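A short worksheet on the structure shown next.
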Amino acid sequence: MTQPEQHHDHLQLPVFGPRPEIAPPRPWSFPKPVRSELDNGIELINYRLPGQHVVSVNLVLDLPLAAESRELEGIAAITSRTLDEGTESHSTDEFAELLESAGAGFGLDVTSAGVQLVVDVPDRRLDPALELLAEAVITPALAEGDVDRQVQLRLAEIEQARANPSQAAAIAFRRTVFAEGSRYSRMTEGEPDTVAAITSDAARRFHSEHFGPRGAKLIIAGDVGDEIEALAGKHFGGWQVPEQSTVAYQPPQPGRRRAVIVHRPGAVQADLQLGGFGIDRGDPRWADVSIASYIMGGAFLSRLNSVLREELGYTYGVRLGFTPLRSGGTFAVSGSFRTEVIGDALRRTKELLSVADRPFTADEVSDAVTYFTGISPLRYATADGVADQAAVQALAGLPDDYPDRRLAALRQVTPESAAAAYQSLVDPENLTLAIAGDADKIAEPIKDAGFTDVEVITLD
Amino acid sequence: MTEASAGRLAERDRAGNGRTGTGDREQLLLDYPVAERVLDNGLRVIASPDHAGGSVAVNLWYNVGSRHEEPGRTGFAHLFEHLMFQGSANVASAEHFGLLQPAGASVNATTWFDRTNYFEALPAGGLDLALWLEADRMGTLLTALTAENFENQREVVKEEKRQRYDNVPYGNVIELIIGQVFPPGHPYSHTVIGSMEDLNAAEVEDARNFFRRFYMPNNAVLSIVGDVDVETAFAKAEQYFSPIPAGDRPAELITAELPPLTGLPRIETTEVVPSEAVYLTWRLPADRTPHFDALELAFGILGQGQSSRLIKRLVRGREIAESTFASAMGLVGGNSLGMVGGRARSGVSPEELEQALVDEVERLISEPPSEAEVERAKAQTERHWMHELARIDSRADQLSGFATLYDDPNLINTRFAEIAAVTPDQVSAAIEAWFTADQRATLIYRRAADDQTAASTEDGR
């Protein structure tokens, strides 16, 4: 131990008062939306947020991945990505120019539970932006050349993902943590063989069967008033798709535990995913597990990060996160470790993950609760923060006051309840492992760390 | 104590609005409150109340970035930033996080070419704690700095370098590009993360010298934004920071503007990458000069958004690129950096993509940006800018930045109007002066065969 330096440039150290106490935060609750229904059944969920002049519009479609046929997986993503590539009224270039002249930004997210289409736009241009969003989703051209291009771009994107070590580990992890052969074991936006088979005819058919107002929710957050109902009605109220089919959400099933290496010759780090099958937000253990995973791998000074980063310098950062789906979910320890130390990192990770001899403490639980409570107001301070959360709730079937209920549930967590929930899900000796790294160097240390069954796989 | 104020100090019943007037012209000017005071020790304090959310953002910019680093010590400003979390006289190692996160804070710090910033945002009841922690490390960091902490964070930073740069495809792109655009020894000729060699050579004594040289109240700006009124913010800043004596402020680093590149520098490198790629780069004028503002719009017109020329012609149109980009990276030390490029579609040679990119750059002169294109680029800038200012933490960062770099925190209210005032003719004039095809450097990534190792050739320097 080196002694800290005792001298300083200044004659004496500045003298500060005692460490200040924290005054409790003022009460906070998630904004309450104004709900209404358009003539065609679309639910309008409006958050009126004074001062938020960039309005966030989030159209959530009840379109679970189960709507895709096995042969054309990825078609939800390809169809959605081609929506803004021209419509019955405007060419691709015209549409892009109109949208961007309105100062709008367009984005989308395809999840296992449904599709989200997102537009952010300054409030004074909300009307044209809504008109363009409606045009894209109701009357897209889905022309052959545009769908073919999106297919090619998706294939290139897969190559980029496989070449990136953390994404490669995540792809390998999902193949293992979800039941073999199930939709969840394959990428949400599709794998190469099925993406390559998608045609514009198929995309148009998929659009006409599955994109429709039934089950759709239009979330609009920002500094808007009563005019929003008429505006939403004008652009979305006339959307009729009598032939829209309803597809039931298919929950995921857990896979068989495995340990795999995605071989990356010459890699200087090993990218780790170590975890298993988890739970969703509706599970009674969700609050307990949220607290447990923050203590174990969410805080900067979590049990994992304070040892593997701050004590040992093995990694830039390591975390444990639970990822909920509409039903079920996953959890994983993730991080990038220097190749030379991956064996020891795995051994120590398994030890740290065990709470048998090191139960959660009341202080750890209390710190986690005040963290989640304190970050909420800022996280939801902007229109896009509120709209994103509202979309998550829409996709997962959660109530409007879910964030408030969640904080209340967190306050009920005890060290014992957190440990019980955590131990019911996390068995450190029986976790699924996916690592992207140089197999020639890391396979033996990984076996020595207890993963004697580790296999080297390719992502092709 | 000296005091200065800018903008309106009056608090409003609906804070966080940031919007004034209803006409298009007036909407270009925002009206976030900006109040300023300089403590006796030279610490510049900016307060901007916003009572809407009950949170407060604390943001400190130190006027030191990688451009201030000594030869042989690249990456040091960033390594030092890590040491700022390793404790001070009254704070244990990593306790900064350990105290702030349970107070409901998001906490971090970043290092860039032109600055190092430290920030936290949390419920307003934690403001005193945040200021106390920042003051303690500003005043007493060296009393806690040990060889152990230094060695540990050196390893953490090396892992950060491996994770973000050395172990990912195209991870060396910034290093290669700035080596082309800036001459050896120029403050921007090395990366912020630095070289492994220099990180290995750094010593704890370097950290002590670095702290003495750059970390002092009169080389910093403190912004306090959120649920606290102006006078309270100033009083708390005074309470916690005034015990820290002023230091010998480092002389301002002035780097002369270099003219545009000549001689078409070129690097071709063969690496394990998923797609072949082309990066064209330019040496541009410094951030916030009239030409730079015009060029930022030009790069947007060329390559940002689905209606931009590159996406319209190369991603759609000819379908030779899987992605394209164009961006201007503003820097204050004499020159900025401009980048244009793309990843080639399978079966397209990098030369074909390179020629197509060069053609589009040349076309900016033969078919100058239209009024409509300029307006689209401004509309996108406006949304990004409004979005950036909507949150108290990013607003605090902008205030600190404008005060540090331009001595004018009120730019958060006037900056967009400066950009909105640029005309298409000014965009064209800036392109002709700084952004022509013969002023570029070229970097080509070729795909290595599976059994081939990386290799590169370089010429034109």
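Order of the sequence lines fixes the chain letters, A, B, ..., with proteins taken first and strands second; residue numbering starts at 1 for each chain. All figures in this text were calculated on a predicted structure; none of them were measured in a lab.
- Of all the heavy atoms in A:Gly266 and A:Asp438, the pair that sits closest is N-OD2, 2.9 Å.
- For residues 147-157 of chain A, heavy-atom neighbours of chain B at less than 4.5 Å comprise A:Arg149, A:Gln152, A:Leu153, A:Ala156, sorted by residue number.
- Put simply, the side chain of A:Asn305 does not reach to within 4.5 Å of the side chain of A:Arg319, judged on heavy atoms.
- Interface remark: A:Phe106 contributes no atoms to any contact with chain B (heavy atom separation under 4.5 Å).
- With sequence neighbours excluded, the residues forming a side-chain contact (heavy atoms from CB on, under 4.5 Å) with B:Thr381 are B:Leu297, B:Phe416, B:Ile419, listed by chain and number.
- For A:Ala104, the part sitting under 4.5 Å from any heavy atom of chain B is the backbone (N, CA, C, O) and nothing else.
- Residue with the most contacts toward chain A among B:Leu129, B:Val168, B:Leu131, B:Leu122: B:Leu129 (heavy-atom pairs, distance under 4.5 Å).
- Per-residue heavy-atom pair counts under 4.5 Å with chain A were compared for B:Pro102, B:Gly305, B:Ala379, and the maximum is reached by B:Pro102.
- Taking the centre and axis of the six-membered ring of B:Phe211, the NZ or CZ atom of B:Arg137 falls outside the cone set by 45° and 6.0 Å.
- Within the 4.5 angstrom heavy-atom criterion, atoms from both the backbone and the side chain of A:Ala299 approach chain B.
- Among A:Leu312, A:Thr92, A:Thr373, the residue making the largest number of heavy-atom pairs under 4.5 Å with chain B is A:Thr92.
- Heavy atoms closer than 4.5 Å to chain B are found in the side chain of A:Tyr294, but not in its backbone.
- Neither the backbone nor the side chain of B:Glu373 comes within contact range of chain A; no heavy atoms are under 4.5 Å apart.
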Quick one, B:Arg376 with B:Gln380, criterion side chain to side chain contact (heavy atoms under 4.5 Å, CB included). Give me CA distance, side-chain angles, the key distance, then yes/no. CA-CA 6 Å; B:Arg376 275 206 301 280; B:Gln380 293 297 313; 5.7 Å; no
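- Heavy atoms closer than 4.5 Å to chain A are found nowhere in B:Ala130, neither backbone nor side chain.
- Aromatic ring orientation, A:Phe30 versus A:Tyr380: perpendicular (interplanar angle above 60°, classes split at 30° and 60°).
- Note on B:Glu95, B:Gln306, B:His82, B:Arg164: by heavy-atom pairs under 4.5 Å with chain A, the leading option is B:Gln306.
- Between B:Ser308 and A:Glu100, the shortest heavy-atom distance links the atoms N-OE1, 4.4 Å.
- By number of non-hydrogen pairs under 4.5 angstrom with chain B, the leading residue of A:Pro25, A:Pro24, A:Gly105, A:Pro377 is A:Gly105.
- Qualifying side-chain contact (heavy atoms from CB on, under 4.5 Å) partners for A:Ser166, counting only residues two or more places apart in sequence or in other chains: A:Asn164, A:Asp271.
- If you measure heavy-atom distances from B:Ala57 to chain A, you find no contacts under 4.5 Å at all.
- Contact count against chain A (heavy-atom pairs under 4.5 Å) is highest for B:Ala135 among B:Ser242, B:Ser275, B:Ala135.
- With a 4.5 angstrom heavy-atom cutoff, B:Asp227 touches chain A only via side-chain atoms.
- Within the model, atoms CG of A:Leu378 and CZ of B:Arg391 stand 4.5 Å from one another, a figure rounded to the nearest 0.5 Å.
- Between A:Arg162 and A:Asp460 there is a salt bridge, since a side-chain N of the basic residue sits under 4.0 Å from a carboxylate O of the acidic one.
- Checked by atom type, the side-chain pair B:Glu160/A:Tyr316 shows a donor-acceptor distance below 3.5 Å.
- Taking the side chain as every heavy atom from C-beta outward, B:Leu389 and B:Tyr32 approach each other to under 4.5 Å.
- For A:Val15, the part sitting under 4.5 Å from any heavy atom of chain B is the backbone (N, CA, C, O) and nothing else.
- When heavy atoms are compared at a cutoff of 4.5 Å, B:Arg154 does not approach chain A at all.
- Counting only N and O atoms by type, the side chains of A:Thr382 and A:Asp384 include a donor and acceptor under 3.5 Å apart.
- Ranked by non-hydrogen atom pairs under 4.5 Å with chain B, the options A:Arg264, A:Glu159, A:Glu311, A:Arg338 are led by A:Arg338.
- No part of A:Glu94 comes within reach of chain B, as not one of its non-hydrogen atoms sits under 4.5 angstrom from that chain.
- A heavy-atom distance below 4.5 Å is found between the side chains of A:Glu310 and B:Gln153.
- Under a 3.5 Å cut-off, the side chain of B:Ser55 and the backbone N or O of B:Pro123 do not form any donor-acceptor pair.
- Within the 4.5 angstrom heavy-atom criterion, only backbone atoms of A:Val121 (N, CA, C, O) approach chain B.
- Using a 4.5 Å cut-off between heavy atoms, A:Pro265 makes no contact with chain B at all.
- Between B:Glu159 and A:Arg309 the shortest side-chain heavy-atom distance does not fall below 4.5 Å.
- Among B:Ala89, B:Gly98, B:Ala94, B:Gly126, the residue with the largest count of heavy-atom pairs under 4.5 Å with chain A is B:Ala94.
- Only the side chain of A:Asp84 comes within contact range of chain B, judged by heavy atoms closer than 4.5 Å.
- Under the rule for a salt bridge (charged side-chain N to carboxylate O under 4.0 Å, His left out), the partners of B:Glu375 that lie at least two apart in sequence or sit in another chain are B:Lys378.
- Ranked by heavy-atom pairs under 4.5 Å with chain A, the list B:Gly317, B:Ser346, B:Pro274, B:Ser106 is led by B:Pro274.
- Interface remark: B:Tyr170 contributes side-chain atoms only to the contact with chain A (heavy atom separation under 4.5 Å).
- Residues B:Asp136 and A:Arg19 are not paired through a salt bridge, judged by the lack of any N-O separation under 4.0 Å between the basic side chain and the carboxylate.
- In this structure, chain A has no heavy atom under 4.5 Å from any part of B:Val91.
- Contact annotation for B:Ala124: neither backbone nor side-chain heavy atoms come within less than 4.5 Å of a heavy atom of chain A.
- Among all heavy-atom pairs drawn from A:Leu407 and A:Ser376, the shortest one is CD1-OG, 3.9 Å.
- Both the backbone and the side chain of B:Tyr240 come within contact range of chain A, each with at least one heavy atom under 4.5 Å from a heavy atom of that chain.
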